[in-house]
Amino acid sequence: MAIAPAVPGSRLRLRTPEDYDLPRDVCSYGYFLLAPNDWSPADQAFRTTLDLTTASAERQATTVVVRQPSGRGGELVCRFDRMLDRAQQTQARARLTRMLRLDESREALKAFHRVDPRWRRSGRGRLFRSPTMFEDVIKTITSCNVAWPNTINMNERLCEVLGSKSPSGFHAFPSPAKLARTRPGTLRGRCRVGYRDTRIIAIAKLFKQGSLSENDIAAPSRTSEEVYKDLLALPGVGPYAAANIMQLLGRYDRLALDTESVRHGRSTLGFTGEPPQVLKMLEAHYDAFGAQRFRSYWLELWDDYEARRGPAHTWERETTGRTFTSVQLRD
DNA sequence: GGTAGACCTGGACGC
DNA sequence: GCGTCCAGGTCTACC
């Protein structure tokens, strides 16, 4: 990909935790391969497009390229394709911090590595996510009941059809307001989301109205059980999706188990039996990792993908990025 | 509480 | 090129 923005604009510097490693920490969860995100293996740089609001309440899409010139622990240099005002700079910092998990300190990771020392040497533990909870929820819904290449297609189309365009010509992920006023037929016909159309619109309306927000649903005072129950009540969100959204919110005490998990249980852990039995074995197996169980499970699975396909920071979105899952490997 | 079938897309496969 | 089958998680109706 052409990673550099075609149009010059603002430049921001972001401080990182002392062990932060951009290639390792971006290429740690499949969403780094979903539009509007892109990773350049050649440049070891991350590009995305954000929808930011100016001080005068105007929405503008801007494409940003993030690099870590001095390597692990060094600051991130973010080049945008338009000049950002102060309000936009504040939003951009907050959104990049969320995506890249810059707010997860080295001490927080050490707590995980004490529970599961297998990842201490590599330093793994930060899992990439979206700039907003809304985008994480919609991306999770587009990953349900489909093969991974179809999830890639849905996110590309959502951005191309409904996302604002940056000066460089890339599209941001559509906002809750935009999706809330989109007709089901448009989502189904042009974005190819199928029966997810009305569920996506219903969730967009909840975010737009403010009746669903990350601050409220995931407040630190709330128990994981409370968060899980609230997520399960959302249209299109079942046990898998709710557990996955929880890990994206930074709560790792539930396993998001799907057919990939069953394959992993059989092929790597040697479990046998029908899927329900294998799922029970997986729950029992990862019980030992307590509040960190999802991360232990996920890094094991990710490690397996990388053993087969090479380090994720070498994957091209259009080739390995489409075919790294077990179902693709099996085929 | 457990189970069966519909939902929808895209890819594989057979003809 | 066309038709059929299948995988994938959620939801609803039914027992």
Side-chain angles (χ1 to χ4, degrees), chain A residues 29-31 33-35 130 133-162 174 179 182-207 212 217 225 227-249 254-267 273-283 286 294 297-298 301-302 304-305 309 317-331:
Chain A
Y29 191 68
Y31 290 6
L33 296 159
L34 297 181
S130 302
M133 178 187 170
F134 171 70
E135 190 173 328
D136 272 339
V137 172
I138 302 300
K139 278 185 159 53
T140 297
I141 287 174
T142 64
S143 75
C144 290
N145 205 25
V146 285
W148 179 247
N150 200 353
T151 300
I152 292 180
N153 291 341
M154 281 189 234
N155 279 274
E156 274 179 4
R157 286 168 170 152
L158 281 169
C159 291
E160 282 178 21
V161 174
L162 300 167
L179 276 172
T182 301
R183 287 179 305 172
T186 303
L187 279 180
R188 188 177 286 236
R190 297 184 63 197
C191 304
R192 313 299 290 167
V193 302
Y195 64 89
R196 299 166 194 79
D197 54 358
T198 53
R199 299 172 187 178
I200 288 173
I201 291 168
I203 286 177
K205 285 179 177 171
L206 290 174
F207 274 92
L212 184 58
I217 201 167
E225 195 60 30
V227 177
Y228 184 67
K229 280 185 179 171
D230 282 356
L231 292 172
L232 274 184
L234 298 177
V237 175
Y240 163 79
N244 193 56
I245 294 166
M246 286 190 68
Q247 68 87 4
L248 293 163
L249 290 170
R254 277 184 183 273
L255 292 175
L257 298 179
D258 58 6
T259 49
E260 283 290 287
S261 319
V262 174
R263 268 190 286 275
H264 178 69
R266 286 177 174 152
S267 65
E274 293 301 304
Q277 294 170 295
V278 174
L279 290 174
K280 281 184 181 171
M281 291 177 194
L282 286 164
E283 290 283 2
Y286 291 104
F294 179 84
Y297 154 72
W298 181 257
L301 188 63
W302 200 249
D304 187 43
Y305 293 149
R309 309 305 301 269
R317 186 167 78 173
E318 293 307 315
T319 54
T320 313
R322 282 184 175 268
T323 60
F324 69 93
T325 61
S326 295
V327 67
Q328 299 296 317
L329 291 170
R330 183 194 59 188
D331 291 344

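Lettering of chains follows the sequences in order, A, B, ..., and the numbering in each one begins at 1.
For A:N145 and A:Y195, the side-chain atoms include at least one donor-acceptor pair closer than 3.5 Å. There is a side-chain donor-acceptor pair under 3.5 Å between A:E260 and A:Y305.
For the OP1/OP2 pair of C:dG9 and a distance below 4.0 Å, the side-chain nitrogens and oxygens of A:S143 include no atom meeting the criterion. A sub-4.0 Å separation between OP1 or OP2 of C:dG9 and a side-chain N or O of A:R199 is absent.
Applying a 4.0 Å cut-off to non-hydrogen atoms, none of the residues of residues 182-193 of chain A approaches DNA chain C.
Comparing B:dG10, C:dG8, C:dT10 by their nearest atom to the side chain of A:N145 picks out C:dG8.
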- Derivation and outcome, salt bridge (charged side-chain N to carboxylate O under 4.0 Å, His left out), residues A:R254 and A:E225: CA-CA 10 Å; A:R254 277 184 183 273; A:E225 195 60 30; 2.8 Å; yes
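Taking 3.5 Å as the limit, the base of C:dG9 and the side chain of A:Y195 contain a donor-acceptor pair of atoms between them.
With rounding to whole Å, A:L232 atom CG is found 15 Å from C:dG9 atom P. For A:N150 and B:dA12, the CG to P distance is 13 Å, given to the nearest whole Å. The distance between atom CD1 of A:I203 and atom P of C:dG9, rounded to the nearest whole Å, is 17 Å. Across the protein-nucleic acid pair, A:L257 atom CG and C:dG9 atom P stand 10 Å apart, rounded to whole Å. If you take NE2 of A:H264 and P of C:dG8, they are 16 Å apart, rounded to a whole angstrom. The distance from atom CG of A:D258 to atom P of C:dT10 is 9 Å, rounded to the nearest whole Å. C:dT10 atom C1' lies 12 Å from atom OH of A:Y228, rounded to whole Å. Per the geometry, CZ belonging to A:R196 stands 11 Å off C1' belonging to B:dG10, to the nearest Å.
Using a 4.0 Å heavy-atom distance criterion, A:L234 is classed as a sugar-phosphate-only contact.
Within the 3.5 Å criterion, the main-chain N or O of A:I245 finds no donor-acceptor partner in the side chain of A:T140.
For the side-chain contact (heavy atoms from CB on, under 4.5 Å) criterion with A:L179, the lone passing option out of A:I203, A:L162, A:I201 is A:L162.
A:W302 has its ring centre less than 6.0 Å from the ring centre of A:F324.
The shortest heavy-atom contact between A:A202 and A:P235 is CB-CG, 3.8 Å.
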